[in-house]
Amino acid sequence: MNHDPFQWGKPLDSVYGPYNAKIAHATNKRTTNIKDVSDFPTMHTQQPMITGTSVISVRYQDGVVLAADNMGAYGSLMKLDDVERIVKVGKDTIVGISGDISDMQHLHRILDDLVVEDRYDMESDHLKANHVHEYLTRVLYNRRTKMDPLWNACIVAGFDEQGEVFLKYVDLLGVTYTSPALATGFGAHLAIPLLRKKADTDEDVKNLTKEDAVQLVKDCMKVLFYRDARSLDKYTLCVVEKSTKQIEIQKDVKCEDMKWGFAKDISGYGLPQL
Amino acid sequence: MTQPATLASDYSNEVAQEPIEHRFNPYTGIAGEDFAVLAGDTRNTSGYNINSRYDPRVFDVGDNLLLTANGFAADSAQLISVFKNQLEWYHFDHNKALSPQSAARFIQHLLYGKRFFPYYVYTILAGLDEEGKGAIYSFDPVGSYEREQCRAAGAASSLIMPFLDNQVNFKNQMDPASHGTEKRPLRYLSLEEVIQLVRDAFTSVTERHIQVGDGLEILIVTKDGVKTEYYPLKKD
Amino acid sequence: MVGKDCVAIACDLRLGNQSLGVANNFEKVFQLGHVFLGLTGLASDVLTVHENFRMKANLYKMREEREIEPESFANLVSSTLYERRFGPWFVGPIVAGINSKTGKPFICSFDFIGCPDFAKDFAVSGTASDQLYGMCESLYEPNLEPEDLFETISQALLNAADRDTLSGWGAAVYVITKDKVIKRYLKSRQD
C-alpha cells in the first residue's frame, strides 16, 4: 500500500505498475498524478458541517451573563454532546461561538496563540476583551474577503482596559455590533424578545440584578431547548462580574423545571409570564 | 504547480453567493451656510432581525469631517477605519488638516481601489469647505462622487430624497408673487430649520419603512467643532 | 389625498416603454359618474380595465337608477380584480370620490389582485410609490381646504416624479368637492 498522504491506500506503482485509468471508464486521472501539496485543491468552507447552535447573552447592572449549550449537530444528528463552545481567552475575556465546530476549534487555537504571544511580555496581561474582539473581527473579515469564511458567529464578553464591562458580537462576515442583549442563531429569534423585555435599554440594564439576569438567561436556554431542535438541555453559563473582576464559568448546567405534559395545560413555554 | 482547471469549479463556489449582508439605514446629509449636518438612524438590522437599537454609524473622523458609509456593515467599518488611519498618516506627513474636497477625492480612491470587489456601501462625507460653507459629498459603491447641497442614502433614500429636493433646494416651488413665472429663490436654511427638516423626514420614514425607527442621531459640524444630538424614534 | 370635505387625485402624463418615452398625454385618472379611478401599470390593461369599469359603472347606473358611490365602486374594483387572481390585470388602481349621500370623502388603493387599502389620509400607486410615500408622509396634514390640498398633492406628485426616471412629463390634478370638480394640468420637468 502507498503511504504517501495524497496517494494513501492506493496500490504501489512499484509493485502493481501505474494505474490504468481506462479500467471501468475511470476517466478521472487527476488523483493519480498529484505530486505535491500545491496541487491539492484549495478548499473553501461552503457550508458548515458540525454546528453549534445559539449563544445568548445579556448585560446586567454589574456585568454580563452569557450561555451556550454543549451540542454539536451534524445536520439533524447529535454528533457531539459535550462540546464546550465558550472559550476563555486570557484572564479577562470569554468568547461564545456558534456555527461550524471545526472553525470554532481553529478560532480557539489562534486565540490561544494570541494569549501565548501576549504572555511573552511578562510584565502584565494586556489582552483585553475589546482586543480579542477586534482581532476576531479582523480574522473573520479577512477570511470572508478571501471568499473563504470561518463559519461562525461569536459573542465576546469580558473587561476592557479600563476594567469596564465589554459585550460585542462578530460573525462570519466581519459584521460587529453591540446591544444590551445579544444572541446568535435561533437565539436571535427566540431569546432576544425575552431578553429585551428585561434589558432593552441601558436604563433597564442598570435595574437588572445578577440573580434576575441569570434566571432570565436560564429561562431563555429552556425556551431554546423546547423550540430549537438542534439544542441541548446541558449548557455552560458564564457570569462576567465587574465588582469582583471575575469571570465565573459554570459547566454542565441543566435546564430545570421543564414541562413536557399535555400541551393544553402549558402556556408561554412553561415560563413565568414575563 | 498548476492546478487542473476543473478543480476550482469542483471545490469552490457557493461561498461566493452572498458575501454581504444588507443593512441599509437611511442617512441624510444637508449643507447649510456655515454648517453641515449628517444624520442617521441608529438601528442595525439583518433581514427582519433588529440586531441593535443603538449602533451609531455617523462618525466624527477628525478635522471637522463627518463620515458615514451605509450598506454592508463590515465594509462600512473597514472603510471608515482605513480612512481614519490614513488621515492620521496625512497629519504626520503634511502637518495640516485634511480639507473636505481632498478627503472626498481620497475616498474615491479607496472605493475605486476595490472596483472589482467593491465595498458595498453608499458613502456620505460632510464638512466645511475653505470658505467655511457647508459641504456634502456623496459617493456610490465604486467611488463616483459629487458635491451636493443635500443627499439621502440607504434604506429609505427613495422616500427622503424627493422631500429634500422640495424643502432644501425648493424644487417645484414658485415665487407666489410671480404667479407661477418665477422659481422661488434659493437661500441657505438655518440650522434650526435643517434639524426640524431632518426630524420630520425621519419621523415620516419611520412610519413607512421597517428598517427605520429606533433613534435619530444628528451630527452637526460648524467652525467650532462637532455637536451630536439624539432623538428617539418609535422603536416599532 | 383626503382633505376637509374634499379629495384630490393626481397622475403624471407619461407613457413609456421601459426607458423610452412614448407619449406625454397619457392620463391615468378617469371619471365614472362622481367616482374617480386612477390606474397605473401596464398601459393596455389600464385602458381595458378602465373600459371594463366604465361598462360596470354604467350597468350599475341603469339597474340602480343612480350613480355608483365610491365605497361600492371600491368593492367592485376589489372583486373584479380578484376574479382574475391567476391571470391578473397588471394595474395599481386608486379610487377617490365623495359620497353623494353622506358627503364623506373616500379614497382607496389596491394591489393588482384587488386587496383594498382603505386609507384615511392618502393612497399612492405606480413606479414612484416609494417617493410618493416619502413625500405624502411628510407633507400631508389632515383637514386641508381644497386649495391647500391641491398644493400639497401637486408638490407631492411633482417632486416624487422628478426622482423617478419612469414618471413625469407633466401631471393632471383633480380636486373634488361636493359641488364641483377642478381639473388642472401641471407643467413639470420634461426629462
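Computed from a prediction, not measured in an experiment: that's the story for all the values here. To find a chain, count down the sequence lines: A is the first, B the second, and so on, and within it residues start at 1.
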Task: Neighbour count above 12 (heavy atom, 6.0 Å) for C:Gln190 CD - done: yes

TODO: Take atom NZ of C:Lys56 as the centre, draw a 6.0 Å sphere, and report whether it contains more than 12 heavy atoms from other residues, nucleotides or ligands.
DONE: yes

Task: Top contributor to chain C interface from B:Asn172, B:Val205, B:Ile160 [non-hydrogen pairs under 4.5 Å] - done: B:Asn172

Open item on the list: For residues 177-197 of chain B, give me every residue with a non-hydrogen atom less than 4.5 Å from any non-hydrogen atom of chain C.
Closed with: none

TODO: Verify the neighbour count for atom NZ of C:Lys183: are there more than 12 heavy atoms of other residues, nucleotides or ligands below 6.0 Å?
DONE: yes

- [ ] Write out, in numerical order, the residues from residues 173-182 of chain C with a heavy atom short of 4.5 Å from a heavy atom in chain B.
- [x] none

- [ ] Determine whether more than 12 heavy atoms belonging to other residues, nucleotides or ligands lie under 6.0 Å from atom OH of B:Tyr112.
- [x] no

Open item on the list: If we define contacts as heavy-atom pairs under 4.5 Å, which of B:Lys171, B:Gln173, B:Arg208 has the most with chain C?
Closed with: B:Arg208

Open item on the list: Filter on salt bridge (Lys or Arg N to Asp or Glu O under 4.0 Å), then keep only pairs touching residues 8-23 of chain C, sequence neighbours left out; what's left?
Closed with: C:Asp12-C:Lys28

Open item on the list: Salt bridge or not between B:Asp165 and C:Arg163? Use side-chain N to carboxylate O under 4.0 Å.
Closed with: yes

Task: Spacing of B:Gln167 atom CD and C:Asn159 atom CG [to the nearest 0.5 Å] - done: 8.0 Å

- [ ] Evaluate whether atom CZ of C:Arg66 has more than 12 neighbouring non-hydrogen atoms of other residues, nucleotides or ligands under 6.0 angstrom away.
- [x] yes

Open item on the list: A quick test of your reading: do over 12 heavy atoms of other residues, nucleotides or ligands sit less than 6.0 Å from CZ of C:Arg184?
Closed with: yes

- [ ] Side chain from CB out, backbone as N, CA, C, O: work out which of these in C:Asp130 comes under 4.5 Å of a heavy atom of chain B, or both, or neither.
- [x] both

- [ ] Under 4.5 Å, heavy atom to heavy atom: which of residues 133-143 of chain C reach chain B? Give them by number, or say none.
- [x] C:Tyr133, C:Gly134, C:Met135, C:Glu137, C:Ser138, C:Leu139

